[in-house]
Structures are given as C-alpha cells and as structure tokens.
Amino acid sequence: MATKKTEVKEKVESKVINQSIINIHNAAILQEKSAGAKIRDIFAKVLADGKITVEVMNQLTSENFTKSMLNIRYAFLKHATKNPNDRKINGRARYGAKVIEINGEKFWVTNDLYEKQIEVFEIWAGSLYGKTKK
C-alpha cells in the first residue's frame, strides 16, 4: 500500500510533468511565426539575393499583379511618403511602419498577409530563381 507521503509525491510529480508538457506546447506557440513574418522572410531572402529587379518592383507595387498572382489584396509594396497616414486604406493601416529601400526607392510592405498566401508567395519567389514547384 502506498503511503500518504508517496501519494502526495506522485501527485506533485504528475503536476510538474503536466506543467512541463504545457510549457513546451506554449513555447512552440510563442515561437510560431505569423503568416506575415513568414512571407516577409521569403521576401527578405529574394531581396538579399538580388532577385528584385525593376520589373519585379513594378509588379509588387501593382495591386492588380499582387491580387491576381500572389492572392494579396493590396500591392505588396507601396512607395513610402513622409505622411504615416498614407499607410492607411479606408482608415486602416494596411502597410507596416518600417521603410525599406530598394534601388534607391523607399517602400512600405503590406501587413495584410495570411496563411493562405504563403505557398503562393513561395512559388512566386521560387520562380525568381528559375525554380518551379509542382
């Protein structure tokens, strides 16, 4: 028969193990990147690799291109101005506050990015390297 002391010890150990499992799960959740962060990481790679040509910049500043090819509602890049309200569309900030410079031009990157757009963006980015994904 288990003693009262043993039972208490087992309960405490069980709680510690359960909390450890919960902590691991919570850590995984906190480390998960948002869809926007994943897409910006992909864009940062193609930018660093010199794959953003003038033609590609023109595509990414075109709302029509980003809607039809990337499934993104707004132009991926928008020319930055000194007025922070220019980041807004219909009163909502649709572009991040950080400004990036490409070929001497300053841009905001859209923050209106979702999970469903990641794979499409990856395929498009791969095409800049001459790769196609089946």
Side-chain angles (χ1 to χ4, degrees):
M1 236 187 211
T3 65
K4 189 75 168 165
K5 189 175 182 180
T6 305
E7 287 177 8
V8 170
K9 182 180 177 188
E10 288 173 355
K11 283 183 179 179
V12 168
E13 287 174 353
S14 178
K15 282 185 176 182
V16 168
I17 290 169
N18 287 340
Q19 187 58 54
S20 293
I21 292 167
I22 291 169
N23 289 347
I24 291 167
H25 176 72
N26 287 336
I29 290 170
L30 292 171
Q31 289 177 336
E32 249 179 47
K33 287 186 175 185
S34 69
K38 290 174 185 176
I39 291 171
R40 285 188 297 275
D41 285 350
I42 295 165
F43 182 68
K45 171 122 177 63
V46 297
L47 187 59
D49 289 347
K51 298 298 181 183
I52 305 300
T53 63
V54 172
E55 180 185 349
V56 172
M57 274 183 15
N58 289 336
Q59 291 173 339
L60 295 176
T61 57
S62 164
E63 190 171 317
N64 288 335
F65 174 84
T66 56
K67 274 184 184 178
S68 64
M69 294 300 292
L70 301 175
N71 195 25
I72 297 172
R73 186 182 317 174
Y74 305 105
F76 185 76
L77 296 175
K78 182 176 183 176
H79 283 91
T81 68
K82 292 183 181 190
N83 183 352
N85 286 323
D86 290 341
R87 295 184 307 112
K88 295 180 180 179
I89 297 175
N90 296 326
R92 294 186 176 200
R94 299 295 184 187
Y95 291 88
K98 292 182 181 177
V99 175
I100 62 169
E101 188 172 326
I102 306 170
N103 298 334
E105 295 184 58
K106 295 182 179 185
F107 297 95
W108 290 308
V109 177
T110 187
N111 57 16
D112 198 57
L113 301 167
Y114 302 94
E115 278 298 316
K116 65 183 180 182
Q117 299 158 334
I118 296 170
E119 185 177 3
V120 174
F121 201 87
E122 285 175 331
I123 292 167
W124 171 81
S127 75
L128 298 177
Y129 295 88
K131 298 175 188 172
T132 55
K133 187 175 180 180
K134 294 181 181 177

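Values below: all heavy atoms of this structure, side chains included; hydrogens, waters and symmetry mates excluded.
Between Tyr95 atom OH and Arg87 atom CZ the span is 11.5 Å, to the nearest 0.5 Å. Between atom CD1 of residue Ile102 and atom NZ of residue Lys106 there is a gap of 12.5 Å, rounded to the nearest 0.5 Å. Note: Ile17 CD1 to Glu10 CD = 10.5 Å, rounded to the nearest 0.5 Å. Between atom CD of residue Glu115 and atom NZ of residue Lys38 there is a gap of 4.5 Å, rounded to the nearest 0.5 Å. Atom-to-atom distance recorded for Ser127:OG and Met69:CE is 7.5 Å, nearest 0.5 angstrom. Rounded to the nearest 0.5 angstrom, Asp49 CG and Lys45 NZ are separated by 3.5 Å.
Residues Ala75 and Ser62 come closest through the heavy atom pair CB-C, 4.0 Å. Between Arg73 and Glu63 the shortest heavy-atom distance is O-CG, 3.6 Å. Of all heavy-atom pairs between Trp108 and Gly96, the closest is CD1-O, 3.2 Å. Of all heavy-atom pairs spanning Ile52 and Val56, the tightest one is CD1-CG1, 3.8 Å.
Proximity of Lys78 to Thr61: side-chain heavy atoms (C-beta onward) are nowhere separated by under 4.5 Å. Put simply, the side chain of Lys51 reaches to within 4.5 Å of the side chain of Tyr129, judged on heavy atoms.
Grouping the Ile, Leu, Val, Met, Phe, Trp and Tyr side chains by contacts below 4.5 angstrom, directly or via other members, places Phe65 apart from Tyr74. Tracing side-chain contacts under 4.5 Å through hydrophobic residues (I, L, V, M, F, W, Y), one reaches Leu113 starting from Leu47; they form part of the same cluster. Placement of Val120 and Tyr114 in two distinct hydrophobic clusters is found when ILVMFWY residues are connected by side-chain heavy-atom separations under 4.5 Å, directly or transitively.
Within 6.0 Å of atom CE in Met57, more than 12 heavy atoms from other residues, nucleotides or ligands are found, so the atom counts as buried in its surroundings. The environment of Glu55 atom CD is sparse: at most 12 non-hydrogen atoms of other residues, nucleotides or ligands sit within 6.0 angstrom.
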Original post:
Are Asn71 and Phe121 close enough, and set up right, to give a side-chain contact (heavy atoms from CB on, under 4.5 Å), and what steps lead you there?
Top reply: CA-CA 8 Å; Asn71 195 25; Phe121 201 87; over 6 Å; no
Original post:
Does the pair Trp124 and Leu60 meet the rule for a side-chain contact (heavy atoms from CB on, under 4.5 Å), with working shown?
Top reply: CA-CA 11 Å; Trp124 171 81; Leu60 295 176; 3.8 Å; yes
Original post:
Do Glu122 and Ile42 pass the side-chain contact (heavy atoms from CB on, under 4.5 Å) test, and can you show the C-alpha distance, the side-chain angles, and the key distance before you say yes or no?
Top reply: CA-CA 7 Å; Glu122 285 175 331; Ile42 295 165; 3.3 Å; yes
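Counting only residues at least two apart or in different chains, ring pair (Phe, Tyr, Trp, His ring centres under 6.0 Å) contacts with residues 27-61 comprise Phe43-Phe76.
Screening Thr110, Leu70, Val109, Ile118 for a side-chain contact (heavy atoms from CB on, under 4.5 Å) with Ile39, the sole residue that qualifies is Ile118.
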